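This report refers to the structure that appears directly beneath it.
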Amino acid sequence: MTLRLHNTLTGAKDPFEPLEEDQVRMYTCGPTVWNFAHVGNLRAFLFYDIVRRHLQVSGYRVTHVMNLTDIDDRILDQAMHAGTTIGEYTKPYAAAFFEDMAALRAERAEQYPRATEHIPEMVEMIATLVANGNAYVADGDVYYRIASFPAYGALSHLDRAGLKAGARVASDKYDKEHVSDFALWKKAQPGDEKIGAAWDAPFGRGRPGWHIECSAMSKRYLGDTLDIHAGGVDLMFPHHENEIAQSEAANHKTYARVWLHSEHLADATGEKMSKSAGGFTTLRDLIDAGHDPLAIRFFLIANAHYRSRVRLSPEALHAAAEQVRRLREFTERVNRATPADSEDAEFAHRIEQVRAGYREALDDDLNLPQGVGLVFDLIREANAALDADRVGPNNKASLLELIDEVDAHLDVMRAEEPGLADEVERLIAEREAARKARDFARSDQIREDLRTRGIVLEDSKDGVRWRRVAPY
RNA sequence: GGCGACGUAGCCAAGUGGCAAGGCAGAGGUCUGCAAAACCUCCAUCCCCAGUUCGAUUCUGGGCGUCGCCUCCA
């Protein structure tokens, strides 16, 4: 089965075929670094991670570009209030973004271009649009002339009439030909110089509008036509629509062949989590509350399909943590298992069935939740087989291969444990001595002490094992 | 007002025109010094009403409900 992806442009699951046979050019909308990313933002970023990983699993070389928006109205406001430059203001949030991504085990993109470092590319594209008649200068501002691009609205399936009715709050200070014309360049305002938010351009000193950065930077790093462009659903209109209008008018080429949009994360009340509405949750908040980043990763990528809304709740995070624990327990068990003398042919067949089913689920528009369901089925069967000593060397090898294939997406099973503190090892040894002496009061005392510190001991016939859990 | 999505067990969730995956929580059991882990067993007439069909949770229409986009937003 070949990879099929739900393309917003066609509204269907289309077979995926990149322009070049083995190479995928992917552009994804990254964070605006005006604040910490909230968990909803991170869901989208981890969605990109799954796309990227599955493309690699499928044999493609992936060039993935994710932008950092380090100039926009909110950043200007904040820097102004803080009495600093936009560069200084955004620095910690950009750093926090990379920390969050690392904590969530997202693979790094090939490029993370920043808007403020690509002003010349943007100015050049805007100049082209003006020269082509797709944009006009109005008192130092430059606007995109939507009337010049008939295909406008094709992605979001909104027609012009609908847009006009929707443009409610657009009557501002600007002098636009049409209410839904959007800014490519904004004339410098008093105060912009002081915070480092103004650049020279043929149409006057100012700063870029939001949408132009993606068109300019994707062209710079990936060329005129992208294989995949991904983002959250809320970017579909107007952001992605505007990108298409800009890029296709400037380059006269198809901008992106496949558009992928991930659904929102909802807060506990069921409403979309959003920065502007206030009351959003960051990764830091969840970690401070005792949640394991691996569980958060699992929840965000595997609890629900990427195109369905998912609600953040402590219960859901707990369930995810339990699933991660089970996956990791299983991985360790298979790793240390002593193979049986003979193979179980029927079990071998089951492993292959699940491997095939898992691949099919992922190929079917990245249905990770379905794939994971199959894996849990097999884990139960495999545990039973291990209990009965029916897992031969080949069976074991197949299981390990399956684990690797699944972990190529999940990346939670092989994630390393922090080393044991010497003191903890000493306590385990002391408890073993107590148990041998049948001093169970002392032995239970030690186990309980460790438990309160977040370490669980398990006795087995192969010796004592430990693992970390949330302390209580 | 326009466009769109969704409604599956206590909770999360996948899925299909033919007896409804998986996880969490819960109940009982096996194992264990006690636990833990693991395993076994149990736990759903798929929002409502019509229609199409031999047969619908799955298709069509209507209703109710929730949410998203149309405005900065992953």
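Reminder, nothing fancy here: chain letters follow the sequence lines and each chain counts from 1. Please read all numbers here as calculations on a predicted model, not as lab measurements. When reading the values below, keep in mind they use all heavy atoms of this one structure, side chains included, and skip hydrogens, waters and symmetry mates.
- Atom CD in A:Glu263 sits about 7 Å away from atom C1' in B:A5, given to the nearest Å.
- In the interface, the side chain of A:Arg447 is paired with the base of B:A35 through a donor and an acceptor atom under 3.5 Å apart.
- Taking a centre distance below 5.5 Å and an interplanar angle below 30 degrees as the stacking criterion, A:Phe440 stacks against the six-membered base ring of B:G33.
- Separating the C1' atom of B:A27 from that of B:G63 is a span of 39 Å, rounded to the nearest Å.
- For the residue pair A:His6/A:Tyr306, the side-chain donor-acceptor check at 3.5 Å is not satisfied.
- Of the side-chain N and O atoms in A:Asn41, none sit less than 4.0 angstrom from OP1 or OP2 of B:C73.
- Under 3.5 Å, the side chain of A:Asp364 and the base of B:G15 form no donor-acceptor pair of N or O atoms.
- Here the P atom of nucleotide B:A74 and the NE2 atom of A:His38 are 7 Å apart, to the nearest Å.
- Applying the 4.0 Å criterion to OP1 and OP2 of B:A74, one finds that A:Arg309 has every side-chain N and O outside that range.
- Here the side chains of A:Phe299 and A:Val310 are in contact, with some heavy-atom distance below 4.5 Å.
- Taking atom P in both B:G22 and B:A35, the straight-line distance is 29 Å, to the nearest Å.
- One interatomic measurement links the two molecules: CG of A:Asp234 to P of B:U71, which rounds to 13 Å at whole-angstrom precision.
- Within 3.5 Å, no donor on the side chain of A:Arg326 pairs with an acceptor on the base of B:C24, nor the reverse.
- Remark on RNA chain B: of its neighbouring residues A:Ser262 and A:Glu329, the 5'-side contact belongs to A:Glu329, judged by nearest-heavy-atom nucleotide.
- No N or O donor and acceptor, one from the side chain of A:Lys272 and one from the base of B:C67, sit under 3.5 Å apart.
- At B:A35, none of the side-chain N or O atoms of A:Ser443 fall inside 4.0 Å of OP1 or OP2 (strictly under the cut-off).
- One can place CD1 of A:Ile71 at 15 Å from C1' of B:C72, the figure rounded to the nearest angstrom.
- A donor-acceptor contact under 3.5 Å is formed by the side chain of A:Asp459 with the base of B:C34.
- The nearest heavy atom of RNA chain B to A:Arg435 and to A:Leu235 marks one nucleotide each, and the one closer to the 5' end goes with A:Arg435.
- Distance alone, capped at 3.5 Å, is enough to place a donor-acceptor pair between the A:Glu343 side chain and the A:Asn395 backbone.
- As a whole-Å value, the separation of A:His318 NE2 from B:G10 P is 20 Å.
- Here A:Ser313 does not reach the OP1 or OP2 of B:C11: none of its side-chain N or O atoms lies under 4.0 Å away.
- Annotation: B:C34 and B:A9 have their P atoms spaced 39 Å apart (nearest Å).
- Checking the phosphate oxygens (OP1, OP2) of B:A38, a side-chain nitrogen or oxygen of A:Arg325 falls inside 4.0 Å.
- Close to B:C73, at under 4.0 Å from its OP1 or OP2, lies a side-chain N or O of A:Trp210.
- Between A:Asn367 and B:A14, a side-chain N or O to OP1/OP2 separation shorter than 4.0 Å is absent.
- In this entry the distance linking CG of A:Asn383 with C1' of B:A37 reads 9 Å, nearest Å.
- If you check the side chains of A:Thr10 and A:Asp14, you find a donor sitting under 3.5 Å from an acceptor.
- The distance between atom CD of A:Gln445 and atom P of B:A35, rounded to the nearest whole Å, is 18 Å.
- Atoms CH2 (A:Trp34) and C1' (B:C72) sit 9 Å apart, rounded to a whole Å.
- Going from the C1' atom of B:U66 to that of B:C48 covers 15 Å, rounded to whole Å.
- Taking all atoms of both residues into account, the shortest heavy-atom contact from A:Tyr112 to A:Glu107 is OH-O, 4.1 Å.
- Under the salt bridge (charged side-chain N to carboxylate O under 4.0 Å, His left out) rule, A:Asp49 has a single partner from A:Arg43, A:Arg297, A:Arg105, A:Arg108, which is A:Arg297.
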